[in-house]
Amino acid sequence: MLKGIGASQGYGIGKAVIISDISTDYSNVKYTDAEAEKSRLQAAVDTFINETNELAESLKTNAGSKESEILEGHIAMLRDPFMLSQMQESIDSGIVAEKAVDTVCNMFIDIFSAADDELTRQRVSDIRDIKDSLLKTLLGAEGVDISSVEENSVLIAKDFTPSMTSKINKKNVNAIVTEVGGVTSHSAILARAMGIPAVLSVIDATEKIKNGEAVIADGFNGNIILNPNEEQIAEYNKKQSEYIGEKENLKAYMGKESITQSGIKKAVYANIGRPEDIQNVIQNSAEGIGLFRTEFLFMDRNTEPTEEEQFEAYSTVAKAMNNKEVIIRTLDIGGDKDIPYLKIEKEENPFLGHRAIRYCLDNPLLFKSQIKAILRAAVYGNIKMMLPLITALDEVRKAKELIEECKTDLKNAGTNYADTPVGIMIETPAAVMISDILAKEVDFFSIGTNDLTGYIMAVDRGNAKVCSLYDTLQTPVLRAIETTIKNAKANGIPVGMCGEAAADTALIPSLVKWGLDEFSVSPGNILLTRKTICNCP
Ligand code: PEP
Ligand code: MG
């Protein structure tokens, strides 16, 4: 048995499909003659265009026109006679098709990276994608096509990027397993948003699990059973059907209010990472968005999203939620959330380092472009702004000054915007200790138990020797939660929780008793959270 972190609930029983990194090393390819190399190149280009066309078509129906436009852009670039003729000329100078592709694409990457305007710089990731695909086709290095794996597959990879995840066909994939990541990593959040069981941080999973091997992935406790016997398969089939039965029963809570037995109304909100998650949120009848993790908009690309792109994303969510509350958290990077192009320096202790609000306050241009996008989007719905990882009053005051500056800039430019309430995450022991003071400065609190538990218990949950101490139900963490709620209430501001513990059925009765107003959970946990609240006295 292998052990990892159960990061998305459910049981996945099926055949392992290993998604390994594919080598694009062409050092052993021999040059024959220019004509032969050119026709290999042309064949690879034709294959690329055909496959990309097909993918764009299917994306149009499955995801949306935005995603398919990106792929259509790839085709247009490769159809550009200049790019292809450069590659052909390189071949004439006596090099193999692979090297011609590599050299010409790298030349474009260098030119585009140095461009002044952001749109051109963003083309760099497109050229990288094109280069990679052409090299793989030329080398015949077929990777696993994630979109067309057989039914009952369990996908095993080092990690899943959002673009890999977007290719997953839910009908055929019973679970995903990765070598890195935790409950709050992007692969976990995406898996939960899609309702696929996931076990993450399974050391050397891609080597220890064989392609085609039967596996059971337990998304609750993180166990991976290899080559299960009949008894184990029967046990897990039973667990799976019970789990599905429970989920069916929960549908009775769809569209209902979250009211305790004594008639106290609570709010069950959802956590999202991308506008695409909204569908799942609405399907599960969330009463609002309690946490929009905006860092996902910054991932899987080579440059930061523009103010315009962010405005588009935030206003789309605000409109889709139809005047229900949407709490947008400003950029929370660092710690385990690296965004390479932001060039955050390597640190000895990244969780105690230059992350989240600390990074944003030191990079006001980036921060202000996000704040402006949020203020502009607020015209289209019921948006609140939330600051992550607060440890000091001064950070809140500085952020509020920047927000005021943004409003003045927008006003002077004649741009439409709306004021938003400003709240903070309580996810450090420091913020808990001064929560009485902070409550006088902000409009709301949201308790981030994912980080708070780690900081209070002084435990690195990725370290197997100590991770058993990472437990939100430990008394010190419970006291911190109770104190925060008490101080919010005493100062008349609403208090929610957007860490994973908000969906913990063992904790919910205490949270209700202490007076927590809003529970923000993964879309798949909305109904169980509502049911638990409705059963509270
Ligand atoms: C938290 O720390 O509880 C939280 C919700 O933020 P994140 O998981 O994104 O760090
Ligand atoms: Mg956090």
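Heads up: numbering here begins at 1 and tracks the sequence. Every number for a ligand or one of its atoms is a count from 1 in the order of the listing.
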Is [X] salt-bridged to [Y], going by a charged N under 4.0 Å from an acidic O?
X      : Y      : result
Lys324 : Glu287 : no
Asp451 : Arg355 : yes
Glu295 : Arg329 : yes

Is ligand 1 under 4.0 Å from a heavy atom in the side chain of [X], in the backbone, in both, or in neither?
X      : value
Arg329 : side chain
Leu291 : side chain
Met425 : side chain
Asn271 : neither

N/O to N/O below 3.5 Å, does that happen between [X] and ligand 1?
X      : result
Arg355 : no
Asn450 : yes
Glu500 : no
Gly448 : yes

Side chain to side chain contact (heavy atoms under 4.5 Å, CB included) partner of Thr260, the single match among Cys536, Pro537, Pro509: Cys536
Working for side-chain hydrogen bond (donor to acceptor under 3.5 Å, both in side chains), residues Ser201 and Glu179: CA-CA 4 Å; Ser201 272; Glu179 294 186 359; over 6 Å; no
Salt bridge (Lys or Arg N to Asp or Glu O under 4.0 Å) against Lys368, all qualifying residues, sequence neighbours excluded: Glu405, Asp409
Proximal atoms of ligand 1 relative to Glu427 (non-hydrogen, under 4.0 Å): 1 (C), 2 (O), 6 (O)
Ring centre gap for Tyr341 and Phe298 strictly below 6.0 Å: no
Least distance between heavy atoms, Ala356 atom then Leu389 atom: CB-CB, 3.7 Å
Neighbouring protein N, O or S atoms of the Mg ion (ligand 2) [cut-off: under 2.8 Å, no waters]: Glu427 OE1, Asp451 OD2
